[in-house]
Number of protein chains: 2
Amino acid sequence: MKSETILEQAALHCESRGRKLTAKRRQVLAGLVKSQKALSAYDLADYCRDKLGTSLLPTSVYRILEFLESLGLVHRLNTANKYVACAHVTCDGANEIPQFLICQSCGSVKEIGITKSFVQGLSQAVEKVGFHLANNQLELECLCADCVVQQGGVQ
Amino acid sequence: MKSETILEQAALHCESRGRKLTAKRRQVLAGLVKSQKALSAYDLADYCRDKLGTSLLPTSVYRILEFLESLGLVHRLNTANKYVACAHVTCDGANEIPQFLICQSCGSVKEIGITKSFVQGLSQAVEKVGFHLANNQLELECLCADCVVQQGGVQ
DNA sequence: TTGACGAATGATACAATGTAACATTTTTTT
DNA sequence: AAAAAAATGTTACATTGTATCATTCGTCAA
Ligand SMILES: [Zn+2]
Ligand SMILES: [Zn+2]
Ligand SMILES: [Zn+2]
Ligand SMILES: [Zn+2]
């Protein structure tokens, strides 16, 4: 999908919530959308400086990421300390609980929708030992197809 | 289980691999075992200074944690940037792939053994979208029973 | 006993990630 | 135009992590 289309959809998504996708916010989101992988806040600050020639301090990037995340436009990957554009910006309703497959070799991320029954099973297993599942987002350390090949196949 | 017992078992575990549980390593492991929760490397350096009166620099703590992890005596929690003592030090064989339930409120951690069939299902789902599961360790954001009560029950 | 060697730890410096607090600018509303 | 709210800038600092070299400690052989 064309990144311009995604950004337009994101802008509409913001409007519909009474928020604005400002120029800076659009820059950050565009950086994530175009890179197709997970980036740190500092990566994104560098991106704005190097590729766009605009200055954007890391503190601002953090604020903007927080904003984008609150609207479900990006996700924070806790295991990687990085952020990715939501893969479902354009298919509005599908904005459910995400699972992330993160390639440990190249950083590419696949966001897959969660299976309801799978989460239920997980949640029940957790309750059984006296805990309560507070966040259904899963992050799985993976290798993408390309990197599996490069590293000599699956063992 | 008494922490002295655990430390003795850990020492034996090291010996059986031709490694040594030195005084410093024992201090770090003891800190994790006694605290019953996840601690950062800097937390552990503070622990050694404040509670034991011994000096142990963070760089050394990192090295020691790396050592302990290589022997399966501690685990690193990637979502929290913290470390926990393995709950299965004393039941040697049970040292399988762990799942961690991490209370987001108090930091207590429950390490549960993984269900083989669960992992298989997960692994297959991942393969289906062209990725390969590289690490079975799951970390789940939870609330422990105590903290659920304190925070007014489950929503 | 001593010297050599490797393992373990100390020490210094720095990189990367993240947050708090306050100032300034921009936009919107009145 | 003035006031209020939203967005961004700026500074300072806290936390987590790594790289590199120096020193100490334990072991073993000459
Ligand atoms: Zn998403
Ligand atoms: Zn890859
Ligand atoms: Zn364990
Ligand atoms: Zn708790």
Side-chain angles (χ1 to χ4, degrees), chain A residues 10-11 14-15 17-32 37-50 52-71 73-84 102 104 107 139, chain B residues 10-11 14-15 17-32 37-50 52-71 73-84 102 104 107 139:
Chain A
C14 289
E15 297 289 345
R17 306 274 216 94
R19 314 302 303 274
K20 295 248 168 73
L21 190 65
T22 65
K24 301 281 188 184
R25 286 168 178 170
R26 180 185 279 258
Q27 284 171 23
V28 170
L29 183 56
L32 286 176
K37 52 180 236 180
L39 298 176
S40 74
Y42 285 80
D43 292 338
L44 285 162
D46 292 346
Y47 166 81
C48 289
R49 181 170 31 73
D50 299 342
L52 307 180
T54 65
S55 135
L56 193 55
L57 294 173
T59 46
S60 295
V61 176
Y62 275 109
R63 256 187 312 230
I64 288 172
L65 288 170
E66 198 177 349
F67 168 85
L68 294 173
E69 193 180 23
S70 76
L71 288 173
L73 295 173
V74 310
H75 299 288
R76 175 181 157 79
L77 302 179
N78 294 310
T79 52
N81 296 331
K82 293 189 191 322
Y83 299 80
V84 286
I102 308 166
Q104 298 296 293
E139 302 175 23
Chain B
C14 290
E15 298 287 346
R17 306 273 216 96
R19 313 302 304 272
K20 295 246 169 77
L21 190 67
T22 64
K24 301 282 188 182
R25 288 170 177 170
R26 179 185 281 256
Q27 284 172 22
V28 170
L29 182 56
L32 286 176
K37 54 180 233 179
L39 298 176
S40 75
Y42 285 80
D43 290 339
L44 285 162
D46 292 346
Y47 167 81
C48 289
R49 180 169 34 72
D50 299 342
L52 307 179
T54 65
S55 136
L56 192 54
L57 295 173
T59 47
S60 296
V61 177
Y62 275 109
R63 258 188 310 233
I64 287 171
L65 288 169
E66 197 176 349
F67 168 85
L68 294 172
E69 193 180 23
S70 75
L71 288 173
L73 295 172
V74 311
H75 299 288
R76 175 181 158 77
L77 302 180
N78 294 311
T79 52
N81 297 330
K82 292 190 191 319
Y83 300 80
V84 285
I102 308 167
Q104 299 295 294
E139 301 175 25

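A note on names: the letters A, B, ... follow the listed sequences, proteins ahead of strands, and every chain is numbered from 1. Please read these numbers as outputs of a predicted model, since none were measured by experiment.
Partners of A:Arg17 by salt bridge (charged side-chain N to carboxylate O under 4.0 Å, His left out), not counting sequence neighbours: none found. Under the salt bridge (charged side-chain N to carboxylate O under 4.0 Å, His left out) criterion, B:Arg26 pairs with B:Glu4, B:Glu8, not counting sequence neighbours. By the side chain to side chain donor-acceptor pair (under 3.5 Å) test, B:Asn78 pairs with A:Glu141, B:Arg76, sequence neighbours left out. Qualifying side-chain contact (heavy atoms from CB on, under 4.5 Å) partners for B:Ser70, counting only residues two or more places apart in sequence or in other chains: none. In this structure, the salt bridge (charged side-chain N to carboxylate O under 4.0 Å, His left out) partners of A:Arg49, at least two apart in sequence or on a different chain, are A:Asp46. Scored by the side-chain contact (heavy atoms from CB on, under 4.5 Å) test, B:Lys37 finds B:Ser35, B:Leu39 as partners (sequence neighbours excluded).
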A correct 5'-to-3' footprint of nucleotides 7-18 of chain C, with B, S and - meaning base, sugar-phosphate only and no protein heavy atom under 4.0 Å, is -SBBBB----BB
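Interface limits on DNA chain D: the 5'-most and 3'-most nucleotides within less than 4.0 Å of chain B heavy atoms are D:dT16 to D:dT27.
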Name every donor-acceptor pair, under 3.5 Å, that has one atom in a side chain of residues 53-65 of chain B and the other anywhere in the protein, sequence neighbours excluded.
unit_1	atom_1	unit_2	atom_2	d
B:Thr54	OG1	B:Gln27	OE1	2.9
B:Ser60	OG	B:Arg63	NH2	3.4

